Amino acid sequence: MNTDKKEFVCPWCIGGGAKLWEWAANRQGAVFTLLLRQSGCTGGGDYGGQEPQVVELKDGDNIADIIAKGVVREGMSMPIPNESIVGRWAGDRVALIGDYDDSGIYSIASEQYRNISEPLVEAWNQFLGDDQFSLQYQRCGTCAERHHQEIEERR
């Protein structure tokens, strides 16, 4: 959860478990790489980085020149929009809080903080682009009930 932005990621909504071991041992825990990314530049393999290049060598082409053109692309400026989920939590107070923690913040967050699980899963799947590593968003029972209550309160 992010106590500065009053946001949280629901482990059940992204198909994971809530225990520390479950976050650490499953791909759901890797979502924090997107949330905590802090960089104004990009490189190969980074969010928004360059697509893989296909190079065809022709007679007379110098492979060193082709490699140099690719290297120049590294570190190019690539600002991420403020509304993006990518890097959204960089520099903020962030913690993994279990439901058995006695501070009470888990209850506060689950009742009052914004669940950003759905846009996080969308950004994650777009970034990885590989079904083997994709996540599935499905609002868990607790979050569905809370969502329903919010809709009722707006009426």
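The basis for the numbers below is simple: all heavy atoms, side chains too, and nothing from hydrogens, waters or symmetry mates. Model, not experiment: these values are computed from the prediction.
Taken together through direct or relayed side-chain contacts under 4.5 Å among Ile, Leu, Val, Met, Phe, Trp and Tyr, V94 and I105 form parts of separate hydrophobic clusters. Transitive grouping of hydrophobic side chains (ILVMFWY, heavy atoms separated by less than 4.5 Å) brings L135 and L36 into a common cluster. No path of Ile, Leu, Val, Met, Phe, Trp and Tyr side chains, each step under 4.5 Å between heavy atoms, connects V31 with I97, placing them in separate hydrophobic clusters. In the hydrophobic clustering of this structure, Y113 does not group with F32; members are Ile, Leu, Val, Met, Phe, Trp, Tyr whose side-chain heavy atoms approach within less than 4.5 Å, directly or through other members.
Note that NZ of K5 and CZ of R88 are 6.0 Å apart. Values are rounded to the nearest 0.5 Å. If you take CD on Q138 and OG on S117, they are separated by 12.5 Å, rounding to the nearest 0.5 Å. Atom CD of E111 is separated from atom OG1 of T142 by 10.5 Å, given to the nearest 0.5 angstrom. From M1, atom CE reaches atom CZ of R93 across 12.5 Å, with rounding to the nearest 0.5 Å. Here the CG atom belonging to D92 is positioned 9.5 Å from the CD atom belonging to Q38, to the nearest 0.5 angstrom. Atom CG of L120 and atom CD of E122 lie 9.5 Å apart (nearest 0.5 Å).
One N or O on the side chain of D101 and one on the backbone of S103 form a donor-acceptor pair closer than 3.5 Å. Side chain of W89 to backbone of D4: no donor-acceptor contact under 3.5 angstrom is found. For N62 (side chain) and A64 (main-chain N/O), a donor-acceptor pair under 3.5 Å exists by modelled atom type.
With sequence neighbours excluded, no residue forms a side chain to side chain contact (heavy atoms under 4.5 Å, CB included) with D131. For D61, there are no side chain to side chain donor-acceptor pair (under 3.5 Å) partners two or more places apart in sequence or in a different chain. For N125, there are no side chain to side chain donor-acceptor pair (under 3.5 Å) partners at least two apart in sequence or on another chain. Listed by chain and residue number, E7 satisfy the side chain to side chain donor-acceptor pair (under 3.5 Å) test with R114 (two or more places apart in sequence, or in another chain).
Closest approach of R27 to S134, counting heavy atoms only: NE-O, 3.1 Å. Contact record, L35 with I85: CD2-O, 3.7 Å, taken as the closest heavy-atom pair.
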Extract all donor-acceptor atom pairs below 3.5 Å that involve side chains of residues 8-24 and protein atoms in other chains or at least two apart in sequence.
unit_1: E22; atom_1: OE1; unit_2: A18; atom_2: N; d: 2.9
unit_1: E22; atom_1: OE1; unit_2: K19; atom_2: N; d: 2.8

Considering only distance and modelled atom types, tabulate donor-acceptor pairs under 3.5 Å from the side chains of residues 148-155, sequence neighbours left out.
unit_1: E150; atom_1: OE2; unit_2: R146; atom_2: NE; d: 3.2
unit_1: E152; atom_1: OE2; unit_2: R155; atom_2: NH1; d: 3.3

